[in-house]
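Just so you know, these numbers come straight off a predicted model, no measurement behind them.
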Amino acid sequence: MNDTPTTISTPPPPPETEADPESLLIPLPAEGLDVLFGTHDEHLLKIEKVFGARVSARGDELRVTGPGAQVVGGMLQQLVSLADGGYRLRSQDIQTAIRIQQEDPTLRLADFFLPTGMEAAVRRHVTPRTLRQQLYLKAMTQFEIVISIGPAGTGKTYLAVAMAATALMEKKVRRLVLARPAVEAGEKLGFLPGDLVEKVNPYLRPLYDALYDIIGYDKVGRMIERGTIEVAPIAFMRGRSLNESFIILDEAQNTTSEQMKMFLTRIGFGSRAVINGDITQVDLPPGRVSGLDEAQRVLRGVKGIAFQNFDRRDVVRHPLVQKVVNAYEVYERARDERAGREHRGDVSSASPE
């Protein structure tokens, strides 16, 4: 290893500083310094905790030392370059940069924060926070059918609605179709008051919330009245062919095998479909096969269909949500292990004397 410290900018370290082979110097940006550091240096402290490097300010430079200096130095240099190039750094950008550099230190942050084409249009409304969310956006621009699977809070629905709204506003599709199985009502909605839309509305609320955030409450109402945005319970989509539409199927883990096959065959010319679900949260009656679980086995490898899997690292809601997901994963893992031990004990105790 070269004993001479790698320097990204001048001047060199002061004479009294001992040479450190794991040391980097990063020039501070002309603007956005408060964002880069964070309130009470919270971002620098998190960087140190995550990567095991030490970051300290010396005049108009940051000095990075320790075993994680190369990764941290590269990340900070890229953030500084973005700021100097006119990109307005936000606090959430620093958190995002830390998260994606943990997953893939080779990723260029400029590719993440400065996308082109449809992705750039979507990012006017919503910003991906993890590498898998970015890959999800890319998949929705490149594939006609995208199936995303992962826990709550990973942005599956929100990003899909953002992509659909952007495609609609840029006239890449003529309408937006929202579908979701109403498992809690057994697909029998007659006892609920109101017309079809009013009966299904409670089950589509997450999709509506995302639409209101991205398009606006009044505009969404007018688009629903004109039929530009359509609410369609999956049980009532049989026999239709949806052309030039952006179709979102939410909570797909609660579709039956027959419903999933029926939905996939409704997609017409010029349409795109996004299917979201969490196979750990199936509410179907015992003995019924989840259409989403089956689809990921049947359709893997089919050209034109992309799969995007999320995990707890992609949970970007309130920090407590991620802790809740983690806690349940630990609990369920321990429960399954305990059940396995009890089962093995039952088997051994059932052996003849």
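- Aromatic ring orientation, Tyr212 versus Tyr208: parallel (interplanar angle below 30°, classes split at 30° and 60°).
- Annotation for Asp283 and Asn254: closest pair N-OD1, 2.6 Å, computed over non-hydrogen atoms.
- Scanning both residues, Asp314 and Gln133, for their nearest heavy atoms gives O-NE2, 3.9 Å.
- The minimum heavy-atom distance between Thr255 and Leu249, with the atom names listed, is CG2-CD2, 4.1 Å.
- Tyr217 and Ile224 fall within the same hydrophobic cluster, defined by Ile, Leu, Val, Met, Phe, Trp and Tyr side-chain heavy atoms under 4.5 Å apart, directly or through other members.
- Taking both residues in full, the closest heavy atoms of Leu284 and Ser290 are given as CD1-CA, 3.7 Å, listed atom of the first, atom of the second, then distance.
- The residues Arg132 and Glu103 are annotated as salt-bridged, a charged nitrogen and a carboxylate oxygen being separated by less than 4.0 angstrom.
- Residues Lys156 and Gln308 bring no donor and acceptor atom of their side chains to less than 3.5 Å of each other.
- For the 3.5 Å distance criterion, the side chains of Gln253 and Glu251 qualify, holding a donor opposite an acceptor.
- By the side chain to side chain contact (heavy atoms under 4.5 Å, CB included) test, Glu48 is found to be paired with Leu45, Arg54, Val55, residues two or more places apart in sequence or in another chain being considered.
- Note on Arg175 versus Glu230: salt bridge recorded, some NZ/NE/NH1/NH2 to OD/OE distance being below 4.0 Å.
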Q. Can you list the steps and then say if Arg288 with Glu258 is a salt bridge (Lys or Arg N to Asp or Glu O under 4.0 Å)?
A. CA-CA 11 Å; Arg288 299 302 300 271; Glu258 296 80 8; 3.8 Å; yes
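- A donor-acceptor pair is defined here as one N or O able to donate and one able to accept, closer than 3.5 Å; such a pair exists between the side chain of Asp93 and the backbone of Arg90.
- Taking Phe246 as the reference, nothing meets the ring pair (Phe, Tyr, Trp, His ring centres under 6.0 Å) condition, with sequence neighbours excluded.
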Would you mind writing out the side-chain donor-acceptor pairs for residues 137-149 within the sub-3.5 Å range, not counting sequence neighbours?
| residue | atom | partner | partner atom | Å |
| --- | --- | --- | --- | --- |
| Thr141 | OG1 | Lys138 | O | 2.6 |
| Ser148 | OG | Asn276 | OD1 | 2.4 |

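- For Gln134 against Phe112, the heavy-atom pair with the smallest separation is CB-CE1, 3.4 Å.
- A donor-acceptor pair under 3.5 Å links the side-chain atoms of Gln259 to the main chain of Thr256, judged by distance alone.
- Considering all non-hydrogen atoms of both residues, Ile100 and Thr130 come closest at CG2-C, 3.8 Å.
- A salt bridge does not link Glu342 with Arg335: none of the charged nitrogens is closer than 4.0 Å to a carboxylate oxygen.
- Using modelled atom types, one side-chain atom of Thr265 and one backbone atom of Lys261 make a donor-acceptor pair closer than 3.5 Å.
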Q | Audit row: Leu211, Leu176, side-chain contact (heavy atoms from CB on, under 4.5 Å) steps and yes/no | A | CA-CA 11 Å; Leu211 279 173; Leu176 197 170; 3.9 Å; yes
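- For Tyr87, the ring pair (Phe, Tyr, Trp, His ring centres under 6.0 Å) partners two or more places apart in sequence, or in a different chain, are Phe113.
- With hydrogens and angles left out, the side-chain atoms of Asp293 and Gln296 include a donor and acceptor closer than 3.5 Å.
- Between Val177 and Ile248, the closest side-chain pair of non-hydrogen atoms is not below 4.5 Å.
- Judged as a side chain to side chain contact (heavy atoms under 4.5 Å, CB included), and not counting sequence neighbours, Asp336 has no contacts.
- Val289 and Met262 end up in different hydrophobic clusters when Ile, Leu, Val, Met, Phe, Trp and Tyr side chains are linked at under 4.5 Å.
- When the ring pair (Phe, Tyr, Trp, His ring centres under 6.0 Å) test is applied to Phe263, no partner is found at least two apart in sequence or on another chain.
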